[in-house]
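Start at 1 and go down the list; that is how both ligands and their atoms are numbered. Worth knowing before you read on, the calculation uses all heavy atoms, side chains too, and leaves out hydrogens, waters and symmetry mates.
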Amino acid sequence: MTQDIQINRRGVIAGAAVLSAAASTRALARSGPAIDDATVLILVDVQVDFCPGGRLAVPAGDEVVAVCNALATRFGNVVLTQDWHPEGHSSFASSHPGKQPFEMVEMPYGPQVLWPDHCTWGSPGAEFHPALDVPHAQTIIRKGYRPEVDSYSGFLEADRTTPTGLGGYLRERGATRAVLMGLATDFCVSWTAQDAARAGLETYVVEEGCRAIDLGGSLDRAWAEMDALGVRRISATELPG
Ligand code: VGL
Ligand code: ZN
């Protein structure tokens, strides 16, 4: 008898847990963004050099491609960003004698991580991943093309004053909402998402559509900084089908 009651109770508790999981999935689904004419999907730096085998490979970076392809079909407005550096760019360790990739240097605009050479314009590594399939993307914003300044953000270069034009483009297009994913979560996705929020866009980052470099705690820091600016971290399941 006692045993039965326990079993029943467990069953009830298990049932309640299933119900509340379903309810919270529905609640999460409601918290996701609408996808309408004022919503833009920004796919950040889904490029060969950021994928396994590339020159600045993000672990499992290529796994974002399928997520991008699947979600992009639901968006009428898609913008791609493309990291696009000249040879000898100042963000490359090879431009700083005695420095190694992933060391820091002080630039006139502030601290800068030094990277392996990557995404040099015209090189195969600068191309979008060959499996990225978003023919309906409307705009490609290139960034990091000035030799002396890096640009993680698709909106503002690392001097934090020079615009790429994306903010003006989205304003003119009437965008009020941005959904982001791509590479790398803790650098170009985070900086672009933060600037989108600062530009007044309601901003969402789709977590499973991103992969991180994670240098010295940079991933946790990036999520905290995005959170502080009101960027919403969501799962693809929260997007309307
Ligand atoms: C990126 C480091 C250097 C990125 C670009 O796309 O996250 N990271 N350049
Ligand atoms: Zn770069």
Side-chain angles (χ1 to χ4, degrees), residues 41-65 67-68 79-96 99-105 107 109-129 132 140-160 162 164 166 178 180-196 203 205-223 225-226 231:
L41 176 68
I42 304 177
L43 300 181
V44 177
D45 298 5
V46 185
Q47 291 169 260
V48 170
D49 269 344
F50 296 126
C51 291
R55 292 185 291 174
L56 175 42
V58 178
D62 55 337
E63 290 178 9
V64 307
V65 174
V67 184
C68 291
V79 171
L80 310 177
T81 70
Q82 190 171 26
D83 211 43
W84 196 251
H85 301 303
E87 294 276 359
H89 190 257
S90 57
S91 73
F92 297 170
S94 61
S95 305
H96 301 259
K99 296 287 184 187
Q100 296 302 313
F102 309 108
E103 285 182 34
M104 301 288 301
V105 287
M107 299 289 230
Y109 53 80
Q112 168 73 48
V113 182
L114 293 178
W115 302 106
D117 290 18
H118 64 278
C119 299
T120 45
W121 59 40
S123 70
E127 296 303 317
F128 293 112
H129 189 286
L132 185 71
I140 298 171
I141 293 287
R142 289 177 168 166
K143 59 189 181 61
Y145 43 75
R146 291 201 297 146
E148 69 283 6
V149 188
D150 205 1
S151 190
Y152 298 145
S153 165
F155 288 84
L156 269 188
E157 296 186 5
D159 60 9
R160 310 309 296 145
T162 309
T164 63
L166 179 57
L180 289 90
M181 58 189 132
L183 304 170
T185 326
D186 41 347
F187 289 92
C188 291
V189 174
S190 171
W191 285 55
T192 304
Q194 291 184 49
D195 282 347
T203 304
V205 172
V206 179
E207 187 166 9
E208 65 268 53
C210 302
R211 291 294 182 278
I213 296 173
D214 205 7
L215 269 185
S218 58
L219 182 59
D220 285 345
R221 239 180 358 258
W223 284 121
E225 288 170 4
M226 287 190 273
V231 173

So, taking the atom named [atom1] in [X] and the one named [atom2] in [Y], what distance separates them when rounded to the nearest 0.5 Å?
{"X": "Tyr145", "Y": "Trp84", "atom1": "OH", "atom2": "CH2", "answer": "12.5 Å"}
{"X": "Leu43", "Y": "Gln82", "atom1": "CG", "atom2": "CD", "answer": "12.5 Å"}
{"X": "Tyr152", "Y": "Asp195", "atom1": "OH", "atom2": "CG", "answer": "13.5 Å"}
{"X": "Asp186", "Y": "Trp191", "atom1": "CG", "atom2": "CH2", "answer": "12.0 Å"}

Contact check: [X] to the Zn ion (ligand 2), N/O/S below 2.8 Å:
{"X": "Cys119", "result": "no"}
{"X": "Cys188", "result": "no"}
{"X": "Asp83", "result": "yes"}

task = Please test His118 against Phe92 for ring pair (Phe, Tyr, Trp, His ring centres under 6.0 Å), starting from the C-alpha separation and ending with a verdict.
result = CA-CA 8 Å; His118 64 278; Phe92 297 170; 5.3 Å; yes

query = Taking just the N, O or S atoms of His85, which one is nearest to the Zn ion (ligand 2)?
reply = NE2

Minimum-distance atom from the Zn ion (ligand 2) among N, O or S atoms of His118 = NE2

Can an N or O of [X] be found at a distance shorter than 3.5 Å from an N or O of ligand 1?
{"X": "Asp150", "answer": "no"}
{"X": "Ala184", "answer": "yes"}
{"X": "Lys143", "answer": "no"}
{"X": "Leu183", "answer": "yes"}

ask   = Hey, is the main chain of Leu56 close enough, under 3.5 Å, to the side chain of Asp49 for a donor-acceptor pair?
value = no

request  = Please confirm whether the backbone N or O of Cys51 pairs with a side-chain atom of His129, one donor and one acceptor, at under 3.5 Å?
outcome  = no

Under 4.0 Å from a heavy atom of [X]: which atoms of ligand 1 are those, numbered in the order shown and with their elements?
{"X": "Trp115", "value": "2 (C), 3 (C)"}
{"X": "His118", "value": "3 (C), 9 (N)"}
{"X": "Asp83", "value": "5 (C), 9 (N)"}
{"X": "Asp45", "value": "4 (C), 6 (O)"}

task = Answer yes or no for Gln47: is there a heavy-atom contact with ligand 1 below 4.0 Å?
result = no

remark   = Heavy-atom closest pair (Arg160 atom, Ser153 atom, distance to 0.1 Å) is NH1-CB, 4.2 Å

query = So, Asp83 versus Gln47: side-chain donor-acceptor pair below 3.5 Å or not?
reply = no

task = Considering heavy atoms of the protein only, find what lies nearest to atom 1 (C) of ligand 1 and give residue, atom and distance to 0.1 Å.
result = Cys188 SG, 3.2 Å

message = Which residue in the set Thr185, Val46, Leu132 passes side-chain contact (heavy atoms from CB on, under 4.5 Å) when paired with Val64?
response = Val46

